[in-house]
Amino acid sequence: MSVQGVRQVEFAVSGATGGVGGRVATRLADLGHGQRLIVRDTSRAPDLPGAEIVEASYDDPRAMRRALEGIRTFFMVSGGEAFDRVRQHIATVDAAVAAGVERIVYLSFLGAAPEATFTFARDHWWTEEHIRAAGIHATFLRDSLYLDMLPLIAGDDGVIRGPAGDGRVAAVARDNVADVAVAVLLGGEKHDGRAYDVTGPEEITLYQVAGELSRVTGRDIVYHAETLEAAYASRTSYGAPEWEVEGWITSYAAIAAGELDAVSDAVDDLAGHAPMTLAEFLRRYPESYRHLLPA
Ligand SMILES: NC(=O)c1ccc[n+]([C@@H]2O[C@H](COP(=O)([O-])OP(=O)(O)OC[C@H]3O[C@@H](n4cnc5c(N)ncnc54)[C@H](OP(=O)(O)O)[C@@H]3O)[C@@H](O)[C@H]2O)c1
């Protein structure tokens, strides 16, 4: 269908070459919905029935505005961590408003707040604030840490190092985040103005994560709770910029501070099934811990 020469499409999905956006796009295609995939490199876009592919990046507002013309609902995956991520997000929201998008479903983060311990969660707060101020219909999906990341935090030496103390996190599988996102996208206006915490079913410590990884790999994986000072010292050799190192370290510090220990009903309530536990995730995705298996 075309209005004043602009092709009307139900959904746009950004980050469609990634873990969450790719899953959401696949589920929408499986359900027969038309969509536009907004990607930074069309050669890496998933090939899905009923999907148009457009190239645009959050740091190119003009391209983003063109990409969003004729879109009713925009599933906006947060961009990769960058020193100017908030600026990029704000420009993208403005592009969506200018293009006439009616609704944004934004992939935020649990505990998004201006003073959140996890510095990257602050980006999500400022993005949410801008969306609220823009007056567009919106829903925020505040997901916890991804279960998918947990096997990756153990080093080759089988040690998880981080200043998370004995704090707890109810990490959630990206599969389940996508399930919730699709339910919200298809549920339409009843989700407007809502912010959903999207978590897994169990609050676990990194000692328990190490225990699960030991069980599935048959190798002794341990968690070493670092002090904040030791965490910074151990990462100076990485050569990463300060803001990035701070983001990595404060993700653990947020666990220690109890800011990620929420368990929500969002997956049950919105997707209609229970979220995956870590044990279920590892059973379903054995490749996620292949790098930890004894040689
Ligand atoms: N909750 C957590 O534990 C956790 C962990 C890591 C990240 N995150 C956040 O959650 C988001 C989604 O997670 P994911 O697992 O799907 O990440 P992912 O697999 O890394 O995918 C990120 C997607 O966003 C796209 N993207 C990144 N920066 C962009 C930009 N400036 N403009 C346009 N597109 C951009 C990427 O495109 P390319 O393929 O071109 O790079 C990719 O398609 C991440 O981008 C990050 O903001 C959350």
Side-chain angles (χ1 to χ4, degrees), residues 12-27 36-46 48 53-68 74-93 95-96 105-112 116 118-128 140-153 162 164 169-181 196-200 206 209 244 247-248 250-252 254-255 259-260 262 264 266 275 278 281 285 288:
V13 176
S14 62
T17 51
V20 174
R23 284 168 169 81
V24 169
T26 301
R27 284 158 172 69
R36 188 176 297 157
L37 309 182
I38 303 178
V39 296
R40 292 197 286 190
D41 174 0
T42 52
S43 72
R44 290 190 287 108
L48 297 171
I53 297 163
V54 176
E55 203 166 277
S57 168
Y58 294 157
D59 59 11
D60 184 349
R62 281 161 54 131
M64 200 47 85
R65 179 180 169 160
R66 279 195 302 275
L68 288 165
F74 175 28
F75 179 54
M76 181 176 165
V77 169
S78 50
E81 290 77 13
F83 73 96
D84 65 342
R85 181 166 65 160
V86 174
R87 185 191 61 75
Q88 292 188 34
H89 283 176
I90 284 174
T92 298
V93 171
V105 177
Y106 172 66
L107 188 67
S108 182
F109 190 79
L110 186 65
F118 180 30
T119 51
F120 293 157
R122 301 176 190 174
D123 293 357
H124 294 289
W125 168 260
W126 293 113
T127 304
E128 288 188 6
F140 303 133
L141 305 183
R142 294 181 179 156
D143 58 29
S144 182
L145 290 180
Y146 298 145
L147 274 178
D148 315 48
M149 309 293 292
L150 295 183
L152 302 174
I153 62 175
V169 57
V172 63
R174 290 187 297 183
D175 281 342
N176 295 144
V177 175
D179 295 336
V180 168
Y196 297 111
D197 291 347
V198 184
T199 78
L206 296 195
V209 172
E244 191 167 25
W248 295 336
T250 56
S251 65
Y252 294 95
I255 297 175
E259 292 177 22
L260 299 183
S264 79
L278 177 59
F281 175 84
Y285 293 106
S288 68

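Because only heavy atoms are used, hydrogens play no part in the values below, and waters and symmetry mates are left out as well, while side chains stay in. None of these values were measured; they are calculated from a predicted model. Counting starts at 1 for both ligands and their atoms, following the listed order.
Distances from atom 7 (C) of ligand 1 to the heavy atoms of Arg44, Glu81, Met64 show the closest one on Glu81. Across Val77, Val169, Asp123, heavy-atom proximity to atom 12 (C) of ligand 1 is greatest for Val77.
For atom 20 (O) of ligand 1, the nearest protein heavy atom lies 4.0 Å away or farther.
Between Gly22 and ligand 1 there is no heavy-atom distance shorter than 4.0 Å. The closest approach between a heavy atom of Ser14 and any atom of ligand 1 is not below 4.0 Å. Within the structure, the closest approach of Phe120 to ligand 1 does not fall below 4.0 Å when heavy atoms are considered. The closest approach between a heavy atom of Asp143 and any atom of ligand 1 is below 4.0 Å.
Under the 3.5 Å distance criterion, the side-chain polar atoms of Thr199 are matched with a main-chain donor or acceptor of Ser264. No donor-acceptor distance shorter than 3.5 angstrom exists from the side chain of Thr17 to the backbone of Arg44, with no hydrogens or angles considered. No donor-acceptor pair closer than 3.5 Å links the side chain of Glu55 to the backbone N or O of Val39.
Distances between N or O atoms of Arg85 and those of ligand 1 include at least one value under 3.5 Å. Considering backbone and side-chain N/O atoms, His124 never comes within less than 3.5 Å of an N/O atom of ligand 1. Looking at Gly80 next to ligand 1, an N or O pair under 3.5 Å apart turns up. At under 3.5 Å, not a single nitrogen or oxygen of Gly21, backbone or side chain, sits near a nitrogen or oxygen of ligand 1. For Met149, no nitrogen or oxygen atom sits less than 3.5 Å from a nitrogen or oxygen atom of ligand 1, counting backbone and side chain alike. Annotation: Leu107 places no N or O atom under 3.5 Å from an N or O atom of ligand 1; distance criterion only. Where the criterion is an N or O separation shorter than 3.5 Å, residue side chain and backbone included, Gly15 meets it with respect to ligand 1.
Protein heavy atom nearest atom 41 (O) of ligand 1, with residue, atom name and distance: Arg40 NH2, 2.8 Å. Given atom 22 (C) of ligand 1, the protein heavy atom at minimum distance is Gly18 CA, 4.3 Å. What sits closest to atom 44 (C) of ligand 1 on the protein, heavy atoms only, is Ser78 O, 3.5 Å. Of the protein's non-hydrogen atoms, Tyr146 CE1, 3.3 Å is the one closest to atom 48 (C) of ligand 1. Nearest protein neighbour of atom 43 (O) of ligand 1, counting heavy atoms only, is Thr17 OG1, 2.6 Å. For atom 31 (N) of ligand 1, the closest heavy atom belonging to the protein is Gln88 OE1, 2.9 Å. Annotation: atom 15 (O) of ligand 1 to nearest protein heavy atom, Arg174 NH1, 2.8 Å.
Between His124 and Tyr106, the angle of the ring planes lies from 30° to 60°, which puts this pair in the tilted group.
Contacts between Ser144 and ligand 1 below 4.0 angstrom, taking non-hydrogen atoms only, involve the backbone exclusively. Neither the backbone nor the side chain of Asp41 has a heavy atom within less than 4.0 Å of ligand 1.
Residues Phe74 and Ser14 meet the side-chain proximity criterion, which asks for heavy atoms closer than 4.5 Å.
The ring of Tyr196 has its center no closer than 6.0 angstrom to the ring center of Phe140.
Screening Phe118, Tyr146, Trp126 for a ring-ring contact (aromatic ring centres under 6.0 Å, His included) involving Phe109 leaves a single residue, Phe118.
Between Arg87 and Asp59, none of the side-chain N atoms (NZ, or NE/NH1/NH2) sits under 4.0 Å from a carboxylate O, so this pair counts as no salt bridge.
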